[in-house]
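Read the structure below first, then the notes.
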Amino acid sequence: MNYVLPFFSISTFISSITMFTMAGVLIIFSTGAEASIGVNYGTLANNLPPPQQVADFLLHSTIINRIRLFDTDPQILQAFANTGIAITVTVPNDQIPHLTNLSSAKQWISDQIQPHFPSTNIIRILVGNEVISTANHLLIRTLIPAMQSLHTALVSASLHRRIQISTPHSLGILTNSTPPSSAKFRRGYDTNVLKPLLNFLRSTSSPFVVNPYPFFGYSIETLDFALFRPNPGLFDQHSKLLYTNMLDAQLDSVYSAMDKLGFSDVEIVIGEIGWPSEGDIDQIGVDVATAAEFNKNLVTRVNSGTGTPLMPNRTFETYIFALFNENLKSGPTSERNFGIFRSDLTPIYDIGILRPTYRLSNPENSPRSPVRASPEKRWCVTKAGAETVALQRNIDYVCGLGLDCRPINEDGLCFLPNTVKAHSEYAMNLYYQTMEKHEFNCDFDNTGEITTIDPSYGNCEYQA
């Protein structure tokens, strides 16, 4: 994730089915994707569910059919075996120089990929993450040789037609990106790095992967443009095209830069794109409602096949960032709050990716209608990872004081979802508000925290 440029892209290539024989068994292997939604599965957290539970949930309860990992965690790869979900794995940046050696690359494929393939549907290896933006000369110099060695290793293992090699970029690789038709790659990187990289991608039928983030580039004035809301748009005087959202403008800026080097035919994949549901107190447009709005509009656009002004009628393989909030990440609050699901696998908000079977079988876990943050009001809610036993004690304590807990009783307006966490959250906030909202009244043995995001939903209203 890089803060330099905030551009967004979506990409899906035409689905293709390949059949091959391994160990005498006919394997049907999907290498492409119809207009599809993937998700980044980051693991920098200490409260995540087991990988097998995650795999089962994604397979049976969502329409997500592809994930991107930031490593080659064997436990996760094993968990996704026989699911058919397409997996993209990542080589960490610090391993890139080592993999320029062909023997090392073959060993890496042997150790990290072959034990899991083809039962786990690994479709792509990303070499590093936003390497050019690191400005690390060693990594940049060895990036393409490492990609070439890994591809050669795949050829040796007869896997090169099943698994692609690419590398993701932030939009910091662009310059003169407004208007989109004027965009080009940064001088020095254009012909020395990106041109040979694009040539490699073309020769191996692999995509150009970008990580566009409208979130990192919007201002108060451009928030509607970033969120796909009605707005005056951006008119490109050179191409005479009107851009009505930041995503299209970012994608076409990438396309223009590629076209200037003669590679407009290389597919574009969106490696990361998302919007956080919580940020620092002074951030505008960072709350559950706005995150839900952005990602829902993103999914709609991905599935529409509309394309962009310069790339009409194209679809884009897209990976939302991220599956879960990651509480161990450093940086501003927003960095830890890009997740679309809680660690208990209930949705933080609804963006249209849950299967109807999930809604029917889990009515108590239906996502709450997002409510915008209020800078003047405060609520007490449960901390992520709080123990169920502790939360039950909170309910017993508050309701034992004689406060009005009827809304969380059966048939009460806040009875559903019928979980200890939800009931405890209501009771804790009731106590907090009753005790005149002192910060220590929301501690509850370190299981509570104060938020400016109204946790009310449906007919269930939390006092404030």
[X] vs [Y] side-chain heavy atoms within contact, under 4.5 Å:
X	Y	result
Thr120	Ile87	yes
Arg355	Ser61	no
Phe215	Phe338	yes
Arg124	Val269	yes
Leu201	Ser166	yes
Glu293	Arg229	yes
Leu44	Asn327	no
Asn211	Ile273	no

Counterpart residues, ring pair (Phe, Tyr, Trp, His ring centres under 6.0 Å), relative to Phe80 (two or more places apart):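 If we apply the ring pair (Phe, Tyr, Trp, His ring centres under 6.0 Å) test to Phe80, skipping adjacent residues, there are no hits.
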Which atom pairs, one a donor and one an acceptor, fall under 3.5 Å between side chains of residues 190-199 and the rest of the protein, sequence neighbours left out?
residue: Asp190; atom: OD1; partner: Gly188; partner atom: N; Å: 3.3
residue: Asn192; atom: ND2; partner: Gly188; partner atom: O; Å: 3.0

Trace of the side chain to side chain contact (heavy atoms under 4.5 Å, CB included) decision for Tyr189 with Ile140: CA-CA 9 Å; Tyr189 293 128; Ile140 294 171; 3.9 Å; yes
What heavy-atom pair brings [X] and [Y] nearest, and what distance separates the two atoms?
X	Y	result
Ile64	Gly38	CG2-CA, 4.3 Å
Thr451	Val381	CG2-CG1, 3.7 Å
His238	Ser181	CB-OG, 3.4 Å
Leu241	Pro309	CD1-CB, 3.7 Å
Gly285	Leu223	CA-CD2, 4.3 Å
Gly307	Asp248	O-OD1, 3.9 Å

Ignoring hydrogens and geometry, is there a side-chain-to-backbone donor-acceptor pair from [X] to [Y] under 3.5 Å?
X	Y	answer
Arg186	Gly172	yes
Ser304	Thr306	yes
Lys260	Ala183	yes
Glu449	Lys383	no
Thr142	Leu138	yes
Asn101	Ser104	yes
Asp252	Pro180	no
Thr167	Val127	yes
Asn297	Leu227	yes
Asn231	Thr244	yes

Side chain to side chain contact (heavy atoms under 4.5 Å, CB included) between Ser133 and His169, intermediate numbers included: CA-CA 8 Å; Ser133 296; His169 309 277; over 6 Å; no
Evaluation steps, side chain to side chain contact (heavy atoms under 4.5 Å, CB included), between Thr88 and Leu69: CA-CA 6 Å; Thr88 293; Leu69 304 178; over 6 Å; no
Stepwise side chain to side chain donor-acceptor pair (under 3.5 Å) test for Asp280 and Thr333: CA-CA 6 Å; Asp280 295 319; Thr333 301; 2.6 Å; yes
Greater than 12 external heavy atoms within 6.0 Å of Lys106's NZ: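 No, NZ of Lys106 has 12 or fewer neighbouring heavy atoms, counting only those of other groups under 6.0 Å.
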Trace of the salt bridge (charged side-chain N to carboxylate O under 4.0 Å, His left out) decision for Lys296 with Asp350: CA-CA 8 Å; Lys296 190 166 188 176; Asp350 186 7; 5.2 Å; no
Sole residue of Tyr41, Tyr349, Phe57, Phe324 in ring-ring contact (aromatic ring centres under 6.0 Å, His included) with Phe341: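 Answer after filtering Tyr41, Tyr349, Phe57, Phe324: Phe57.
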Test applied, ring-ring contact (aromatic ring centres under 6.0 Å, His included); reference residue, Trp275; option that passes from Phe216, Phe294, Phe228: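 With Trp275 as partner, ring-ring contact (aromatic ring centres under 6.0 Å, His included) holds for just one option, Phe294.
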Establish, from distance only, whether the side-chain atoms of [X] and [Y] form a donor-acceptor pair under 3.5 Å.
X	Y	answer
Gln164	Ser206	no
Asn176	Ser182	no
Thr152	Ser149	no

To the nearest 0.5 Å, what is the distance between [atom1] on [X] and [atom2] on [Y]?
X	Y	atom1	atom2	value
Arg161	Thr204	CZ	OG1	12.5 Å
Arg301	Thr308	CZ	OG1	8.5 Å
Gln107	Leu102	CD	CG	11.5 Å
Leu77	Asn121	CG	CG	11.5 Å
Asn295	Thr290	CG	OG1	11.0 Å
Leu310	Asp236	CG	CG	7.5 Å

Residues Tyr243, Phe225; criterion ring-ring contact (aromatic ring centres under 6.0 Å, His included); working and verdict: CA-CA 9 Å; Tyr243 289 86; Phe225 188 60; 8.1 Å; no
Worked verdict on Asn129 versus Asn93 for side chain to side chain donor-acceptor pair (under 3.5 Å): CA-CA 7 Å; Asn129 190 47; Asn93 283 3; over 6 Å; no
Basic-acidic side-chain contact under 4.0 Å: Glu278, Arg336: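 Looking at Arg336 together with Glu278, the answer is no, because their closest N to O distance does not fall below 4.0 Å.
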Side chain to side chain contact (heavy atoms under 4.5 Å, CB included) between Tyr319 and Arg66, worked out: CA-CA 8 Å; Tyr319 293 81; Arg66 53 192 58 241; 3.5 Å; yes
Stepwise side chain to side chain donor-acceptor pair (under 3.5 Å) check, Trp108 with Gln95: CA-CA 10 Å; Trp108 192 91; Gln95 293 184 24; 3.2 Å; yes
Ring-face cation contact, Phe70 with Arg68, 6.0 Å cut, 45° max: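 Positive - Arg68 is close enough to the ring of Phe70 and near enough to its axis.
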Derivation of the side chain to side chain donor-acceptor pair (under 3.5 Å) call for Ser253 and Ser256: CA-CA 5 Å; Ser253 293; Ser256 294; over 6 Å; no
